[in-house]
Amino acid sequence: MDPLTWPLILAKMAVQFLPVWIALGLTFALSWHYRRRLGLYGKLFASSVGMIGFAIVMFWVFTALFADLIATHDPLAQLSGMKNALPGTPVKGAEGTWYLLGGDNLARDVFSRMVMGARRVLIIAPAATVIAFMVGITLGLPAGYFGGKIDTGLSFIANLVLAFPVILLFYLLVTPEIRVTGIPTILAAVLFLFPVIFVAVLLNSRYFTNPARRNLYVGASLALGLWAYSGLAFNRDPTGLWSMDPNMLNVFVSVVFVNAPTVFRIVRGIVLDLKSRDYVAAGQTRGEGPWYIMLWEILPNARGPLIVDFCLRIGYTTILLGTLGFFGLGVSPESADWGSTIDDGRRLLAIYPHPAVVPALALMSLVLGLNLLADGLREESMRD
Amino acid sequence: MLFFILRRSGVMLLTALALTFIVFFMTNLTPNLEKLAKSEASVRMSDDQVASWLDSHGFTRPLLARYGEWLGVVPGWTHTDASGRVTGRCIAPDRTTEAAPARCGVLQGEWGQSTVFKRPVSEILARSLGHTGWLMLWVMLVMVPTALLIGVLSGMREGTTTDRVLSTFAIATTATPEYVSGVILIVLFGSATAGISPILAEWGWISGRTLFQGTATSAMDKITFWNFGLPVITIALYGIGYIARMTRASMTEVMTQQYIRTARLKGVSFGQIIVKHALRNALIAPFTVIMLQFPWLLNGVVIVETLFNYKGFGWTLVQAASNNDIQMLLACSVVAVLVVLVTQLISDIGYVFLNPRIRLS
């Protein structure tokens with residue numbers, strides 16, 4: 001069999017991505033049809049920049065979802081004779097299969113690894129960003145609202161973390177030796193507690209006047225939260241449903257740790273601005289508790305900038321994960337994530353560029369999509 | 001103003017102490033020390049031997065005391081072994097026991113010995129900082145004017161095609177981290193098999209095999225455009241987008257001000273308005289951003305120096321961190337933390353100076 005030419009490679013790739021195209025088409029058709037009823041999300045479809053960004057992001061989300069269908073080969077399989085194969089090389093011994101984007105220096109399929117890498121990135125980055133936001137919001141709201149000593153103390157700690165060069169922090173936090181000392185577990189124990197606190201306080205302040213419902217909701221959320229907490233932070237979940245690979249936990253915790261102080265500063269800034277508004281004063285006069293005012297009066301009004309920052313921050317987290325992979329920190333050698341594939345590929349960059357360029361372009365397009373999406377959202381949210 | 005600077009400096013000093021202590025704690029964790037003992041003495045040491053090695057080298061003292069020793073405020077440890085030979089932190093091979101000072105730490109200018117490079121830390125640090133200094137200088141010379149120009153041009157007339165194109169470029173560069181743009185740039189300009197170099201070589205336009213060099217190793221002796229271009233552009237690109245977007249935002253804001261309209265109505269030409277009225281006010285915000293960009297550049301420097309094999313500060317940091325070189329890593333983190341804190345201070349003070357509307361008390 002002859003190697004494929006570039007137009008054929010692109011066509012074959014387009015066919016492989018068929019599930020993604022269908023899902024993307026459906027999403028856009030439905031969203032476009034109901035866009036007037038969908039609030040901020042619907043308004044996104046009025047801005048072309050936002051729509052392009054959304055399309056790119058959803059492309060990668062669907063790729064991660066359907067990765068098993070899209071990948072042409074096992075991302076870990078090393079086929080003989082395919083070492084550093086150029087894009088479009090037919091697989092020896094298997095009729096009708098190609099290494100669409102070539103093989104890497106261990107003779108694995110670059111295309112399949114790129115597709116599988118999307119899955120890992122799109123699981124960790126949004127999850128870590130959500131946790132970072134919960135930590136930042138839970139601490140930023142009281143810091144901005146109460147001010148005083150809480151604010152001074154928390155701000156000092158946040159500035160301390162922010163003054164750390166990120167890479168140095170990663171080298172200190174994400175090493176095999178550090179896991180022996182249990183520092184990642186302690187960090188996880190502290191950081192993962194915040195989502196539980198956040199949800200419990202959120203529900204408690206909302207249903208405070210109705211003790212029966214309050215007890216039910218808070219109890220249920222605490223039970224569920226602490227169950228997940230025991231599994232994720234300490235790996236002691238009795239049922240084994242919640243668990244996290246220690247490597248992954250280490251990476252996850254350090255990414256949350258780096259992101260949370262910035263979110264804290266943003267939330268604090270917004271609260272300082274919003275707390276002098278009339279509706280806050282009205283709430284105080286009505287006798288509403290401080291946490292109700294913070295979580296149910298101020299926070300919904302701060303959602304615009306927070307949603308925009310959330311999109312940007314997922315992109316930033318993706319970059320951070322790539323940095324970790326690039327320095328080979330906290331990832332197993334087989335891992336298909338984009339950062340470590342770039343690192344693997346760069347050693348032979350001058351001779352065989354494709355193993356490094358493919359994940360590099362993938363990462364760049366995802367972050368670009370998120371930035372465009374954030375830009376579109378910012379434009380649209382400023383309009384009302 | 002003086003009180004403000006004093007208070008900020010005080011907070012800064014406290015932060016620096018806290019941060020170096022954290023780094024000290026993290027680098028001096030027991031597993032790291034055991035690894036150090038095995039790499040310094042013998043790999044096949046038993047646990048007892050490791051413990052006694054650590055004891056005889058002063059690593060079993062309380063953490064705070066060791067931090068004080070490293071800082072130079074606590075007298076260094078001394079140890080007398082069975083044969084009566086005295087060793088100690090401050091007793092170097094070329095210094096007798098009597099002549100050795102009581103304290104030797106960072107404050108006395110003694111940074112210790114690097115275990116990877118087998119040289120004094122201060123020597124390695126000075127050399128690598130020199131290399132990085134050149135890199136930073138060129139990055140700044142490329143990044144700041146380009147970013148300001150892009151920002152001013154796109155913010156000058158909001159919503160035009162120029163604005164759209166330049167803004168998209170700015171977003172694209174902020175979405176491209178250094179390890180991505182570096183890889184792409186090397187493939188495009190520094191690879192003998194891909195990009196434009198093979199074509200140029202075929203046409204006979206370049207004498208070598210590649211247009212730019214894919215490594216910057218030779219730039220440590222002599223900087224030329226061809227060996228230094230790619231690393232500088234790689235770092236600069238990531239920063240350009242961010243600074244340009246900030247400049248654009250502040251430029252658009254200034255352009256809607258009353259005094260700009262007044263100037264236009266007076267009949268001042270558009271170029272004059274931009275240069276004389278708008279620029280001065282529009283460049284206050286980017287100044288802070290540029291100063292705060294230094295910590296980010298530090299990140300970029302680490303990645304780019306690793307990627308292009310340029311033995312500067314970032315490369316040294318990576319070597320120290322991945323080879324458990326505790327003294328070197330501590331020194332690197334002191335430098336990194338100082339860079340971050342000093343730039344924060346300068347940006348705060350500069351902002352107050354540039355913007356007379358801000359009153360401190």
Side-chain angles (χ1 to χ4, degrees), chain A residues 49 53 156-157 159-173 175-181 183 312 315-316 318-320 322-323 325-329 338-339 342-343 345-346 349-354 356-357 359-372 374-375, chain B residues 11-12 14-16 18-19 22-23 26-27 29-32 34-35 164 167-168 171-172 174-184 186-188 190-195 210 214-215 241 295-296 298-299 302-303 306-307 314 317-318 320-322 324 329 332-333 336-337 339-341 344:
Chain A
V49 171
F156 181 75
I157 296 173
N159 288 338
L160 213 60
V161 179
L162 286 176
F164 243 114
V166 179
I167 289 185
L168 182 65
L169 200 67
F170 280 159
Y171 260 112
L172 293 176
L173 277 179
T175 50
E177 285 85 41
I178 215 95
R179 222 174 303 139
V180 182
T181 62
I183 287 180
L312 286 176
Y316 178 61
T318 311
I319 292 182
L320 282 184
T323 313
F326 182 77
F327 286 107
L329 293 169
W338 293 338
I342 295 176
D343 182 43
R346 78 185 165 91
L349 197 56
I351 313 157
Y352 300 111
H354 58 273
V357 169
L361 289 178
L363 192 141
M364 187 177 123
S365 66
L366 173 63
V367 180
L368 182 65
L370 284 162
N371 281 16
L372 291 177
D375 233 47
Chain B
V11 174
M12 197 181 104
L14 193 65
T15 316
L19 283 177
I22 294 170
V23 178
M26 301 284 279
T27 48
L29 289 168
T30 322
N32 286 339
E34 281 167 4
K35 212 164 103 184
R164 289 274 167 204
S167 298
T168 314
I171 294 180
T174 45
T176 319
E178 291 91 351
Y179 52 89
V180 169
S181 53
V183 162
I184 293 174
I186 291 180
V187 169
L188 276 182
S191 157
T193 54
T210 59
T215 73
W296 290 108
L298 213 63
N299 257 343
V302 177
I303 294 171
T306 312
L307 188 62
L317 196 155
V318 170
S322 43
N324 194 34
L329 190 56
C332 285
S333 49
V337 164
V339 167
V340 175
L341 293 177
Q344 274 179 2

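Throughout, protein chains are lettered first and strands after them, A, B, ... in sequence-line order, and every chain is numbered starting at 1.
- Of the two parts of A/Thr318, only the backbone, made up of N, CA, C and O, holds a non-hydrogen atom closer than 4.5 Å to a non-hydrogen atom of chain B.
- Nearest heavy-atom pair, B/Leu19 versus A/Ala163, reported as atom, atom and distance to 0.1 Å: CD1-CB, 3.7 Å.
- The parts of B/Val23 that come within reach of chain A are both its backbone and its side chain, each placing non-hydrogen atoms under 4.5 angstrom from that chain.
- Checking side-chain atoms of B/Tyr179 against main-chain N and O of A/Ile319 turns up a donor-acceptor pair under 3.5 Å.
- In this structure, CZ in A/Phe327 is found 9.5 Å from OG in B/Ser322, a value given to the nearest 0.5 Å.
- Listed here is the closest heavy atom pair of B/Met26 and A/Leu172: CE-O, 3.6 Å.
- The structure places CZ of A/Phe156 at 4.5 Å from OG1 of B/Thr15, a figure rounded to the nearest 0.5 Å.
- Counting heavy-atom pairs closer than 4.5 Å to chain A, the top residue among B/Leu307, B/Thr168, B/Ile186 is B/Leu307.
- Between chain A and the residues B/Val183, B/Val340, B/Val337, the largest count of heavy-atom pairs under 4.5 Å involves B/Val183.
- Heavy-atom distances place no part of A/Leu366 under 4.5 Å from chain B, backbone and side chain included.
- No other option in A/Val166, A/Thr323, A/Leu372, A/Leu361 has as many heavy-atom pairs under 4.5 Å with chain B as A/Thr323.
- For A/Asp375, the part sitting under 4.5 Å from any heavy atom of chain B is the side chain, from C-beta outward, and nothing else.
- Using a 4.5 Å heavy-atom cutoff, the side chains of B/Val180 and A/Pro359 are not in contact.
- Taking CD1 from A/Ile167 and CG from B/Asn299, the interatomic distance works out to 4.0 Å, rounded to the nearest 0.5 Å.
- No side-chain heavy atom of B/Cys332 sits less than 4.5 Å from a side-chain heavy atom of A/Leu168.
- Between B/Thr174 atom OG1 and A/Asn371 atom CG the span is 4.5 Å, to the nearest 0.5 Å.
- Per-residue heavy-atom pair counts under 4.5 Å with chain A were compared for B/Asn32, B/Thr27, B/Ile184, B/Val318, and the maximum is reached by B/Val318.
- Listed options B/Thr306, B/Leu298, B/Thr30 were ranked by heavy-atom pairs under 4.5 angstrom with chain A; first place goes to B/Thr306.
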